[in-house]
Visitor: 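This is the structure I have questions about; it appears just below.
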Amino acid sequence: MLSMNTYPYLLNGQWQESSSNETIELVSPYKDEVVGRVQAMSRDEVDEAIHGAKRAQQEWAALPVNKRAELLYAWAEKLEERVDEIGQIIMQEVGKNLNDAKKEVVRTAEIIRYTAEEGIRFNGGFMQGDSFPGGSKNKMAIIKKEALGVVLAISPFNYPVNLAAAKIAPALVTGNAVVFKPATQGAISGIKMVEALHDAGLPKGLLNLVTGRGSVIGDYLTSHPGIDMITFTGGTGTGQHLSQQASMVPVVLELGGKDPALVLEDADLTLAADQIVSGAFSYSGQRCTAIKRVFVLENQADELVDMLRERVAKLSVGSPEENSFIVPLVDAKTTDYVQGLIDDAVNKKATVVYGNKREGNLLHPTLLDHVTTDMRVAWEEPFGPVLPVIRVKSLDEMITLTNESEFGLQASVFTQNVNSAFTVADKLEVGTVQVNGRTERGPDHFPFIGVKQSGLGVQGIGRSLETMTRDKVTVINL
Ligand SMILES: NC(=O)C1=CN([C@@H]2O[C@H](COP(=O)(O)OP(=O)(O)OC[C@H]3O[C@@H](n4cnc5c(N)ncnc54)[C@H](OP(=O)(O)O)[C@@H]3O)[C@@H](O)[C@H]2O)C=CC1
Ligand SMILES: O=C(O)[C@H](O)COP(=O)(O)O
């Protein structure tokens, strides 16, 4: 660490200051304090980060996979040793409550270890020619899995350690090198995570860390000819733009969502209310997988809304240092945006059942009833603690409204009838349907996928290993 909480970037094994002499100041979301500064890297430095990674990659890929896995095991151990320290940094930098911030670090170590284990067992295949008409047993294909080269990993602010490592670990174990660009608000947490990897014995250049505003260096990175694959998590607008910049390289995008909860007539309402409130309001709704709207039949709506209000009223509101459930949002711009969605709904005659109170970046949990489809909050992603309830006439209407969204990340279906669960799940245009549970990414070895404007490609430990490799086929003609 440099003086005055100014953090360096990592280039070819050395922690360095940028020759741009420019730094970016990061302000805490919940107190009027500078958390630290990160380097605004120049284009020349970005070039060197990519070239250095390219140089390191071949030697790394040539190592036995069990040796590559050793680095991941050591990294997981180093992270676990620093749970308290990194947890504190995540809390200060992105305002996640301390317990959840520490859990994020522990979960990250678990992901890294599981990825190492899967990586060791990850293999190609073998095919024999005679399965195809006219083919011969004497023609055989050996299919090996090869690394793609240099993977560009770009992560968002809300899981600054976990979502970054979920990209870096599969890339490394499969023999790729990585250029890692953390979200600027979240970069210090990312730097600390990379420090742990460096301490674990990261070979020089195998992962280079790039800091700087995405709006300044993002396009340069994503269109750089030295990048062989891009794995990105962030907003839909950024992801759409990125996919136009990148050319002829595989791109995996995990983007925004508008996950609905569909409460069917035979739902266990207590279970539904518990899961909906936890799903909608954890980390103040700053999760791509948060439940962002509820569909309920008119004849059950009063009962469900009462149950939701009772639970929302019990959520603790305040500082992440006190482990509050509802914490200040990441910045004023986001808070203004979420407040704008609430104001629009209220102006169009939605009922405020609870909340709609703001203190700086702290928005109290807000439950809106009688939300209608002409209101922005019925369709737009808030990334904040607001939950709209939309009263509908039929199950078909729930399905139609789900599918009319531009997003397709996840959906929750609450029902006690297994046949209804499967029938409805099959009709929903989303990556994952959770039956009788809140929408969420984990467990982290499950495939994680967004369709429509929610993403492209699949993550999840096993799937990421597939995505970050290509088949190399050697055919033997006996
Ligand atoms: N589906 C999923 O798995 C998840 C989706 N999200 C989505 O992410 C959003 C919130 O995260 P947030 O961090 O605000 O998202 P952003 O899209 O603002 O930023 C994500 C990352 O992209 C970078 N970036 C910005 N501009 C460019 C560019 N032109 N080229 C390349 N990279 C760029 C950012 O850098 P910088 O910070 O420097 O601007 C950051 O590292 C929400 O919409 C949420 O739904 C979040 C988590 C999970
Ligand atoms: O960034 C996000 O929002 C995460 O991918 C959600 O993860 P979670 O569902 O495990 O909170």
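When a ligand or atom number is given, it counts from 1 through the structure's own listing order. Count residues from 1 along the sequence.
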Visitor: Could you list each nitrogen or oxygen of ligand 1 that sits under 3.5 Å from a protein nitrogen or oxygen, with the atom names and the distance?
Guide:
from: ligand 1; atom 1: 1 (N); to: Leu255; atom 2: N; distance (Å): 3.2
from: ligand 1; atom 1: 1 (N); to: Leu255; atom 2: O; distance (Å): 2.4
from: ligand 1; atom 1: 8 (O); to: Gly234; atom 2: O; distance (Å): 3.2
from: ligand 1; atom 1: 8 (O); to: Gly235; atom 2: N; distance (Å): 3.2
from: ligand 1; atom 1: 13 (O); to: Phe157; atom 2: N; distance (Å): 3.1
from: ligand 1; atom 1: 15 (O); to: Gly235; atom 2: N; distance (Å): 3.3
from: ligand 1; atom 1: 17 (O); to: Gly235; atom 2: N; distance (Å): 2.8
from: ligand 1; atom 1: 17 (O); to: Thr238; atom 2: OG1; distance (Å): 2.6
from: ligand 1; atom 1: 29 (N); to: Asp219; atom 2: OD1; distance (Å): 3.1
from: ligand 1; atom 1: 35 (O); to: Lys181; atom 2: NZ; distance (Å): 3.0
from: ligand 1; atom 1: 37 (O); to: Thr184; atom 2: N; distance (Å): 2.8
from: ligand 1; atom 1: 38 (O); to: Lys181; atom 2: NZ; distance (Å): 3.0
from: ligand 1; atom 1: 38 (O); to: Thr184; atom 2: OG1; distance (Å): 2.5
from: ligand 1; atom 1: 38 (O); to: Gly214; atom 2: N; distance (Å): 2.8
from: ligand 1; atom 1: 41 (O); to: Ser155; atom 2: O; distance (Å): 2.8
from: ligand 1; atom 1: 41 (O); to: Ala183; atom 2: N; distance (Å): 3.3
from: ligand 1; atom 1: 43 (O); to: Glu381; atom 2: OE1; distance (Å): 2.9
from: ligand 1; atom 1: 45 (O); to: Glu381; atom 2: OE1; distance (Å): 3.3
from: ligand 1; atom 1: 45 (O); to: Glu381; atom 2: OE2; distance (Å): 2.7

Visitor: For a distance cut-off of 3.5 Å, show me each N or O of ligand 2 paired with any protein N or O, plus the separation.
Guide:
from: ligand 2; atom 1: 1 (O); to: Asn158; atom 2: ND2; distance (Å): 3.0
from: ligand 2; atom 1: 3 (O); to: Asn158; atom 2: ND2; distance (Å): 3.3
from: ligand 2; atom 1: 3 (O); to: Cys288; atom 2: N; distance (Å): 2.5
from: ligand 2; atom 1: 5 (O); to: Arg441; atom 2: NE; distance (Å): 2.7
from: ligand 2; atom 1: 7 (O); to: Arg441; atom 2: NE; distance (Å): 3.1
from: ligand 2; atom 1: 7 (O); to: Arg441; atom 2: NH2; distance (Å): 3.3
from: ligand 2; atom 1: 9 (O); to: Arg287; atom 2: NH2; distance (Å): 3.0
from: ligand 2; atom 1: 9 (O); to: Thr289; atom 2: OG1; distance (Å): 2.7
from: ligand 2; atom 1: 9 (O); to: Arg441; atom 2: N; distance (Å): 2.8
from: ligand 2; atom 1: 10 (O); to: Arg107; atom 2: NH1; distance (Å): 2.9
from: ligand 2; atom 1: 10 (O); to: Arg107; atom 2: NH2; distance (Å): 3.0
from: ligand 2; atom 1: 11 (O); to: Tyr159; atom 2: OH; distance (Å): 2.3
from: ligand 2; atom 1: 11 (O); to: Arg287; atom 2: NE; distance (Å): 2.7
from: ligand 2; atom 1: 11 (O); to: Arg287; atom 2: NH2; distance (Å): 3.4

Visitor: Show the numbers, then the answer: is there a side-chain contact (heavy atoms from CB on, under 4.5 Å) between Val430 and Leu409?
Guide: CA-CA 5 Å; Val430 296; Leu409 193 55; over 6 Å; no
Visitor: Crowded around Lys427 NZ? As in, over 12 foreign heavy atoms under 6.0 Å?
Guide: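 Count not over threshold, so no.
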Visitor: Heavy-atom distance under 4.5 Å between the side chains of Val435 and Phe414, does that happen here?
Guide: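 Val435 vs Phe414: side chains apart.
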Visitor: Quick one: does Arg113's side chain get under 4.5 Å of Tyr73's, heavy atoms only?
Guide: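 Of all side-chain heavy-atom pairs linking Tyr73 with Arg113, at least one is under 4.5 Å.
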Visitor: Does anything in residues 438-462 form a ring pair (Phe, Tyr, Trp, His ring centres under 6.0 Å)? List the pairs, not counting sequence neighbours.
Guide: Tyr114-His445
Visitor: Do Glu45 and Ser18 pair up side chain to side chain, a donor and an acceptor below 3.5 Å, judged on atom types alone?
Guide: yes
Visitor: Not counting sequence neighbours, list each pair that qualifies as a side-chain hydrogen bond (donor to acceptor under 3.5 Å, both in side chains) and has a residue in residues 243-259.
Guide: none
Visitor: Regarding Asn12 and Glu48, do their side chains bring together a donor and an acceptor under 3.5 Å, going by distance alone?
Guide: yes
Visitor: Under a 3.5 Å threshold, yes or no: a donor from one side chain and an acceptor from the other, between Tyr220 and Asp47?
Guide: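 Tyr220 vs Asp47: donor-acceptor pair found between side chains.
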